[in-house]
There are 2 protein chains.
Amino acid sequence: MNDLTIAELSTKVGKTATVRGWLHKRRDLGGMVFTVLRDRSGLVQAIIKDEAEQAKLAGLQNGTVLKISGSIVEEARAVGGVEIHEPTLEIISPVTDVMPIEIDKPLDHKSENFDVLFENRVVGLRNLHERAIFRVQASLGRGFRDYFEKQDFVEIHTPKLLAGATEGGAEVFETNYFGDKATLAQSPQFYKQMMVGVFERVFEMAPVYRAEPSVTTRHMSEYISLDAEVGFINFDDLLSMVGGLLIHMTEYAWKHNEAELQLLGAVKPVLPKAIPRLKMSEVHELYQKATGEKAVGEKDLFPAEERWICEYAARELGSEAVFVTDWPAAEMKFYHLADDEHPEIAVRADLIFRGVEIVTTSMREHRYDKLVAQLKKIAHGDPESDGFKYFVSAFKFGMPPHGGFGMGLERVTQELIGLSNVKEASLFPRDTKRLAP
Amino acid sequence: MNDLTIAELSTKVGKTATVRGWLHKRRDLGGMVFTVLRDRSGLVQAIIKDEAEQAKLAGLQNGTVLKISGSIVEEARAVGGVEIHEPTLEIISPVTDVMPIEIDKPLDHKSENFDVLFENRVVGLRNLHERAIFRVQASLGRGFRDYFEKQDFVEIHTPKLLAGATEGGAEVFETNYFGDKATLAQSPQFYKQMMVGVFERVFEMAPVYRAEPSVTTRHMSEYISLDAEVGFINFDDLLSMVGGLLIHMTEYAWKHNEAELQLLGAVKPVLPKAIPRLKMSEVHELYQKATGEKAVGEKDLFPAEERWICEYAARELGSEAVFVTDWPAAEMKFYHLADDEHPEIAVRADLIFRGVEIVTTSMREHRYDKLVAQLKKIAHGDPESDGFKYFVSAFKFGMPPHGGFGMGLERVTQELIGLSNVKEASLFPRDTKRLAP
């Protein structure tokens with residue numbers, strides 16, 4: 001643990017120093033061996049002239065784990081500004097096979113290459129570009145928690161093995177649970193709402209499971225859901241909170257991982273302090289007027305319309321994200337709140353960012369009688385059943401007005417970096433055809 | 001969102017203020033109604049003399065969500081030092097049913113009461129004592145992350161849906177995965193090791209699933225596993241890191257949640273900067289000598305021995321935690337490292353805290369050839385099989401010496417607070433008989 005990292009070598013110019021890491025690439029040229037060593041902090045070149053030292057690498061391939069000691073020399077053209085001269089090598093773990101995937105240049109993320117990319121993930125993630133994605137992702141998660149911890153939210157851990165399906169439908173994984181049937185949680189929805197009755201403000205960051213047979217660029221069967229739920233809030237403040245979160249996560253990533261974001265060619269999004277809000281009917285009108293495609297009266301946004309409204313918002317409203325509000329109540333979940341004055345409208349918004357929905361947020365129905373009525377009417381559920389009785393009991397014994405949201409960590413990583421498929425933002429993606437590595 | 005919390009009322013003495021929360025309890029006495037309101041920050045009493053205001057509460061029960069405005073008066077005998085006089089009430093969510101569980105005094109955690117405790121968890125968690133447990137738990141998780149983030153570890157998210165069982169054995173949940181068989185991860189073991197090849201230092205905080213039919217005070221079928229793995233480390237530094245973690249998490253919780261820990265009667269553990277280390281053979285000898293029970297030569301610690309050695313360490317070594325090292329290699333996992341000079345010994349330690357093992361940590365075998373040999377010999381595994389080929393490929397292409405550990409968040413919460421059963425430290429515990437709420 002006491003070695004320097006490669007990034008710290010610049011403090012040792014003119015001295016000798018030792019670093020450990022992986023042989024990232026090598027070139028033999030005019031009797032000299034140019035080796036590049038990789039550690040968690042970066043790359044450094046060591047120039048080996050001594051034949052005995054060169055011989056230590058005979059037959060060894062990239063990936064070999066090495067300890068290199070030598071003189072640290074300033075070299076403006078090198079990454080990090082230094083090189084190692086007259087190195088002494090110690091082989092820690094020899095590698096004799098050639099890697100199945102190249103890791104010294106950006107990997108090709110064309111969709112036809114995904115099988116190779118994901119099959120060789122274990123080694124492929126050692127590529128600086130690949131690993132940069134997940135350093136950014138770690139910062140986004142940290143930024144998410146930081147935002148809510150500062151606002152007195154409590155982190156909760158809710159079960160993923162459930163007796164019934166949260167959102168209903170057939171798209172749920174099942175398992176034998178000591179003779180009973182259990183399902184894997186599709187979301188922490190019921191639990192986070194129940195916990196508003198305990199902590200008022202809660203968040204969770206945990207896997208969720210979707211047995212959707214969809215093959216799209218947006219879906220995976222397992223992903224990390226960032227969830228929060230807050231009591232004693234109104235819709236206006238809820239949207240400000242969600243918009244503030246996207247801004248905070250963005251700032252957090254750019255503050256802590258600007259080098260990685262630059263390496264990936266990510267462009268920092270333009271986000272005003274108040275993310276603009278448009279009603280769905282307004283979006284439909286604007287879209288129909290601009291494109292001639294019929295949209296007015298539709299109950300959802302088309303994918304093309306999501307892309308278009310983000311271009312519009314970027315151009316006309318100075319924001320790469322936009323809230324679309326006033327969704328039809330006819331399409332809402334039973335736990336959503338319908339507007340008391342306009343019961344045909346659900347108090348819900350989607351946050352569309354760079355052409356894709358990244359958050360669905362809504363106020364929830366907190367009144368016991370109305371919730372039970374909606375449960376029966378919309379979900380055809382029985383409030384006395386095992387699947388719903390615990391959830392409705394929270395309301396029977398007093399719940400305040402509240403709202404919340406869910407956001408996929410991989411999807412927000414994808415959109416902030418500008419990746420074409422959400423799977424590129426998962427260390428080990430899971431879809432209908434892939435369960436390994 | 002703009003109301004004060006109850007804890008902030010002490011800044012408003014002599015003024016009027018508004019708070020919102022839940023009716024926690026009430027007493028009618030001599031024409032006055034004494035109500036206690038609860039919010040996320042604490043309790044405050046409001047004294048209602050006005051009959052019209054009293055009438056608003058007619059027929060309403062604890063749990064009712066209220067908005068109370070009134071004069072804030074200093075009252076040294078009250079929790080928080082203030083009371084609300086001449087209050088005006090607004091009913092936000094009326095509750096007319098009597099709660100199924102009392103929440104205004106500590107709940108009885110005798111094991112025969114667990115069914116009632118867990119069946120009524122949704123409302124029971126509103127009890128100040130219950131919710132205090134989970135505020136402490138949130139701090140422990142935050143302390144865990146804080147410790148590793150400061151040491152340049154990267155947070156990873158590894159899949160919980162796997163093609164094969166990580167640790168082997170029958171104690172694994174299975175699910176139909178689009179026609180294939182998937183298992184739920186028992187630990188992130190293989191993934192965190194593989195990620196040492198990418199980031200060197202990684203941690204994860206995520207659910208794991210154990211289909212063990214065990215009914216004990218230590219086991220659940222779903223829990224939150226705190227995992228870390230670090231490259232280029234030796235065993236001595238690994239133990240220092242794990243010991244430092246326990247100390248950091250403890251300090252973190254006491255710094256941020258001292259009020260909750262006091263409410264729960266938790267006693268801050270005595271932990272020296274360097275947690276003492278004893279070899280298993282030493283523990284056996286000490287135990288046998290002190291108790292007369294045969295222990296010398298045994299390959300594991302008895303539960304009674306774990307309790308005894310902690311009492312011994314507290315008394316003789318000034319530490320409520322102790323590392324037990326030098327485990328027999330005959331019992332080790334295939335990915336553990338056996339001591340090169342003493343191949344009968346595994347380079348492993350258990351951290352025993354307050355009588356219970358809370359961490360197992362070990363150095364891993366990082367040499368490809370030796371790992372493959374151990375895989376075949378110990379786990380009877382095929383390195384070419386789908387279950388192992390990805391894992392061993394990380395080693396084939398270069399892994400440094402590394403080690404790591406896993407720790408159950410609920411178990412460390414239990415032991416720090418002094419709860420008798422790990423389920424008391426889970427919001428919604430899962431065991432062989434309980435899958436709800």
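Naming convention: chains lettered A, B, ... in sequence-line order (proteins, then strands); numbering from 1 in each chain. Because only heavy atoms are used, hydrogens play no part in the values below, and waters and symmetry mates are left out as well, while side chains stay in.
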Would you mind telling me which of B:His366, B:Arg367, B:Arg142 has the largest number of heavy-atom pairs within less than 4.5 Å of chain A? B:Arg142

Structural part of A:Lys67 lying under 4.5 Å from a heavy atom of chain B: neither

When the 4.5 angstrom heavy-atom criterion is applied to A:Arg430 and chain B, the contacting part is both

Between A:Thr158, A:Asp39, A:Asn127, which has the largest tally of heavy atom pairs under 4.5 Å with chain B? A:Asp39

Name the option with the most non-hydrogen atom pairs under 4.5 Å to chain B; the candidates are A:Pro437, A:Ala138, A:Ser93, A:Pro429. A:Pro437

Among B:Leu427, B:Ile92, B:Thr432, which has the most heavy-atom pairs under 4.5 Å with chain A? B:Thr432

Intermediate values then yes/no, ring pair (Phe, Tyr, Trp, His ring centres under 6.0 Å), A:Phe173 and B:Phe178: CA-CA 9 Å; A:Phe173 293 109; B:Phe178 305 109; 5.8 Å; yes

Side chain, backbone, both or neither: which part of A:Val123 has a non-hydrogen atom closer than 4.5 Å to chain B? side chain

Which atoms of B:Asp146 come close to chain A, meaning under 4.5 Å heavy atom to heavy atom: side chain ones, backbone ones, both, or neither? neither

Do NZ/NE/NH1/NH2 and the carboxylate oxygens of A:Glu222 and B:Lys160 come within less than 4.0 Å? no

Pair B:Gln137, A:His157 - check side chain to side chain contact (heavy atoms under 4.5 Å, CB included), show working. CA-CA 10 Å; B:Gln137 185 165 81; A:His157 302 284; 4.3 Å; yes

Sort out for me which of B:Arg135, B:Met399, B:Arg121 touches chain A most, counting heavy-atom pairs under 4.5 Å. B:Met399

Given the options A:Lys389, A:Lys433, A:Glu130, A:Met194, which has more heavy-atom pairs under 4.5 Å with chain B than any of the others? A:Met194

Taking the side chain as every heavy atom from C-beta outward, state whether B:Val95 and A:Lys396 have any pair of such atoms under 4.5 Å apart. no

Do you know which of A:Leu66, A:Thr96, A:Val98 has the most heavy-atom pairs with chain B at a distance under 4.5 angstrom? A:Val98

Considering non-hydrogen atoms only, spot the tightest contact between A:Ala394 and B:Val122 and give its length. CB-CG1, 3.6 Å

A:Leu125 versus chain B, the contacting section by heavy-atom distance below 4.5 Å: both

Go through the atoms of A:Leu184 and report whether side chain, backbone, both or neither lie under 4.5 Å from a heavy atom of chain B. side chain

A:Glu155, A:Glu119, A:Gln61, A:Glu200: which one forms the most heavy-atom pairs within less than 4.5 Å of chain B? A:Glu200

Residues passing the ring-ring contact (aromatic ring centres under 6.0 Å, His included) test with B:Phe428, sequence neighbours excluded, are A:Tyr191

Under 4.5 Å from any heavy atom of chain B - which part of A:Glu212: backbone

Is A:Val196 in contact with chain B via its backbone, its side chain, both, or neither, using a 4.5 Å heavy-atom distance? backbone

Ion pair check, B:Glu149 and A:Arg145, cut-off under 4.0 Å: yes

Please determine, among B:Arg38, B:Met99, B:Arg126, the option with the most heavy-atom pairs under 4.5 Å with chain A. B:Arg126

Of all heavy-atom pairs between B:Tyr390 and A:Ala436, which one has the smallest distance, and what is that distance? CE1-CB, 3.6 Å

Hey, does A:Val198 have a side-chain heavy atom less than 4.5 Å from the side chain of B:Phe134? no

Taking every heavy-atom pair that is under 4.5 Å apart, which of B:Gly197, B:Pro400, B:Pro213 has the most such pairs with chain A? B:Gly197

Which atoms of B:Leu409 are under 4.5 Å from chain A, going by heavy atoms: the side chain, the backbone, both sets, or neither? side chain

Flag the pair A:Leu161 / B:Leu435 as yes when at least one side-chain heavy-atom distance between them is below 4.5 Å, and no otherwise. yes

Can we call the ring centroids of A:Phe199 and B:Trp22 under 6.0 Å apart? no

With sequence neighbours left out, what residues match A:Thr5 under side chain to side chain donor-acceptor pair (under 3.5 Å)? A:Glu8

Side chains of A:Asp152 and B:Arg40 in contact at under 4.5 Å (non-hydrogen atoms): yes

Work out which heavy atom in B:Thr175 is nearest to a heavy atom in A:Glu174; give both atom names and the distance. OG1-O, 2.5 Å

Walk me through whether A:Arg131 and B:Val154 qualify under side chain to side chain contact (heavy atoms under 4.5 Å, CB included). CA-CA 10 Å; A:Arg131 106 181 164 181; B:Val154 175; over 6 Å; no

By the definition side chain to side chain contact (heavy atoms under 4.5 Å, CB included), identify the one residue from B:Asp97, B:Asn62, B:Ile103, B:Thr64 that meets it with A:Phe397. B:Asp97

Side chain, backbone, both or neither: which part of B:Tyr209 has a non-hydrogen atom closer than 4.5 Å to chain A? side chain

Contacting region of A:Asp236 [heavy-atom separation from chain B under 4.5 Å]: neither

Contacting moiety of A:Tyr223, where chain B heavy atoms sit under 4.5 Å: neither

Which one of A:Ser139, A:Pro94, A:Pro100, A:Gly387 has the most heavy-atom pairs closer than 4.5 Å to chain B? A:Pro100

Donor-acceptor side-chain pairing of A:Ser221 and B:Tyr177 below 3.5 angstrom: yes

